[in-house]
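Working notes, structure below.
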Amino acid sequence: MNKPVSKVREAKLELYRKKGKIHAREVRGRFNTIRWAMVWFTQIIFYGACWLQWGGRQAVHFDIVHEKFYLFGLVLWPQDALLAAIALILAATGLFLVTALAGRLFCGFACPQTVYTAIFMWVEAKVEGDHLSRLKLDQSPPSLRKLALRGTKYVLWGLIAAWTAITFVGYFTPIRELLPAVAGWNLGPWEAFWLIFYALFTYVQAGFAREAVCQHMCPYSRFQGVMFDNTTRTVSYDVQRGEPRKGKGGGDCIDCGICVQVCPTGIDIRDGLQYQCINCGLCVDACDEVMTKVAKPVSLIRFASEQELAGMPRHSARPRLAVYAGLLGLFVALGAWTVTQRSLLLVDVLRDRGSLAREASDGRIENAYTLKLANLAEEPRDFEVAVSGLPGIELLGPTRFAGEPGSIREVRVTVVAPPDAGKSGASPIAFVVKAAGDPATRVTEKSTFVLP
Ligand code: SF4
Ligand code: SF4
């Protein structure tokens, strides 16, 4: 006797979910389109930005050897670590805000793990066929055909992983220098290490680990719940409308299981909110298609908040959102202020400890100093140095020094003052360094002058 249809479906579902790796069924729809648009958007930026040139150099370049980060016309130095910290805090606050608004949107649409898994799965589907063909291939005994299909897939994955690693390292070693070095395997130890590591990392993460990374390795899936409230819109199954499922009562869900089959993490959204759900919306696309076919309204699965699903009126006040939005505004303002206050000249003054003070032939007292002048601009500039703080104090010798672009120059200077300029011992003085022809670039650095 034939098994009831629902039993067969359940058996298929269990087989599908528990045995081996997940072979998600392909689905069309608006969220799938958005997902692929994000894949194109992020990857055009990632693979393309390292090829852009700016002023004769790579536009985006983390120059670790010279401790600089080039971002088009902006050159950041280790002294700009505060800006990097603000950028990271901004990204985290933005992520919290988006999560509070609509759950794990980042995971479903922009996370590199999701993006590369989508690319690797696309290759897999092109080589091995749809989800059923892939399931069959998994279960089939070894054969020449299986070997050829698997071999082709692994080679294509390897090429993508290799190009991804070259691109990644190309942000640290200019890619136009890196490529010939890779071709001749003429690489430094760190470049070779990161190329191999990143290629293997991409290959394993996107080819094999896939949803396991989201479920077991990613810390974000564990704590994202704290950003949720009952107005956060996440992918949800409308239990009231769907249950009891068709065949058991008369809800809209026909228990076809397609929402499970398309899920890249292999979960059943009808079981409620689960930490494994990356909010990709593919089950929404799948169910909408099913509902259209059975002539029922779409959105049985949809982005909805607990409040909406319970039929409660929407509250406009959302303190959590206000806090995240406020923090975001604050850090944007702080970042903008830090950029405007950023000086392209850094000055460090070191007193010459070897000779505290000595008397010159004209009777005045001399103190020696070393000035470190960091020209953070990308063009050569001259710096004028002056000193103040005691009557009659002045620099002996040259007061103007040339600074090469993006370089630090050390200059030794001698300061003289009359012996009666102040009381015996150390008196506070100040060095004032100005960029010639640019009054806005001016740094005052304190020091001391010793009188016998
Ligand atoms: S796709 Fe829709 S109808 Fe089919 S099982 Fe899922 S929720 Fe039910
Ligand atoms: S349950 Fe739906 S939204 Fe969540 S991961 Fe699976 S397919 Fe994506």
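All ligand and atom numbering here is 1-based and tracks the order in the structure. Predicted model only: the values in this text are computed from it and were never measured. Scope of the values below: all heavy atoms of this structure, side chains included, with no hydrogens, waters or symmetry mates.
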Counting from 1, what ligand 2 atoms have a heavy atom of Ile267 closer than 4.0 Å? 1 (S)
Just to be sure I'm reading this right: ignoring hydrogens, which of Cys253, Gly242, Cys263 gets closest to atom 8 (Fe) of ligand 1? Compare them by their nearest heavy atoms. Cys253
Hey, do the aromatic rings of Phe208 and Tyr203 have their centres closer than 6.0 Å? yes
Side chain to side chain donor-acceptor pair (under 3.5 Å) for Tyr324 and Thr99? Distances and angles first, verdict last. CA-CA 10 Å; Tyr324 291 142; Thr99 307; over 6 Å; no
Among non-hydrogen protein atoms, atom 5 (S) of ligand 2 lies closest to Ile278 N, 3.4 Å
Does Thr265 come within less than 4.0 angstrom of ligand 2, counting non-hydrogen atoms of the residue? yes
Under 3.5 Å: donor-acceptor pair, side chain of Gln205, backbone of Arg210: no
Counting from 1 in the order shown, the ligand 1 atoms closer than 4.0 Å to a non-hydrogen atom of Ile301 are 7 (S)
Are any of the side-chain heavy atoms of Leu334 and Phe331 separated by less than 4.5 Å? yes
Which atoms form the tightest heavy-atom contact between Gly406 and Lys68, and what is the distance? O-NZ, 3.0 Å
Please give me the minimum heavy-atom distance between Ser140 and Lys146, naming the atom from each residue. O-NZ, 2.7 Å
I'd like to check which ligand 1 atoms, numbered from 1 as shown, lie under 4.0 Å from a non-hydrogen atom of Arg270. 5 (S), 7 (S)
For Ile269, the ligand 2 atoms with a heavy-atom partner under 4.0 Å come out as 1 (S)
At the 4.0 Å heavy-atom cut-off, does Met291 count as touching ligand 1? yes
Closest protein heavy atom to atom 4 (Fe) of ligand 1, given as residue, atom name and distance to 0.1 Å: Cys256 SG, 2.3 Å
Among all protein heavy atoms, pick the one closest to atom 3 (S) of ligand 1 and tell me residue, atom and distance. Ile254 N, 3.4 Å
Under 4.0 Å from a heavy atom of Val235: which atoms of ligand 2 are those, numbered in the order shown and with their elements? 3 (S)
If the contact criterion is a heavy-atom separation under 4.0 Å, does Gly257 count as touching ligand 1? yes
Number the atoms of ligand 2 from 1 as they appear, then name those within less than 4.0 Å of a heavy atom of Cys283, with their elements. 1 (S), 2 (Fe), 3 (S), 7 (S)
Electrostatic pair Arg233-Glu308, nearest N-O below 4.0 angstrom: yes
Relative to the heavy atoms of Gly281, which atoms of ligand 2 are at a distance of less than 4.0 Å? 3 (S), 8 (Fe)
Checking Lys446 side chain against Pro428 main chain: does a donor-acceptor pair fall under 3.5 Å? no
Please work out whether any backbone atom (N, CA, C, O) or any side-chain heavy atom from C-beta onward of Val284 is under 4.0 Å from ligand 2, and answer side chain, backbone, both or neither. neither
Would you say atom 2 (Fe) of ligand 2 has Cys259 as a near neighbour, meaning an N/O/S atom of that residue under 2.8 Å away? no
Nearest heavy-atom pair of Arg342 and Trp77: which atoms, and what distance? NH2-CD1, 4.3 Å
Between Tyr47 (side chain only) and Thr164 (backbone N and O only), is there a donor and an acceptor less than 3.5 Å apart? no
Can you tell me if, anywhere in Cys287, an N/O/S atom lies at a distance from atom 2 (Fe) of ligand 1 that is smaller than 2.8 Å? yes
I'd like to know if the side chain of Asp285 reaches the main chain of Val27, judged simply by a donor and an acceptor atom lying under 3.5 Å from each other, with no hydrogens or angles considered. no
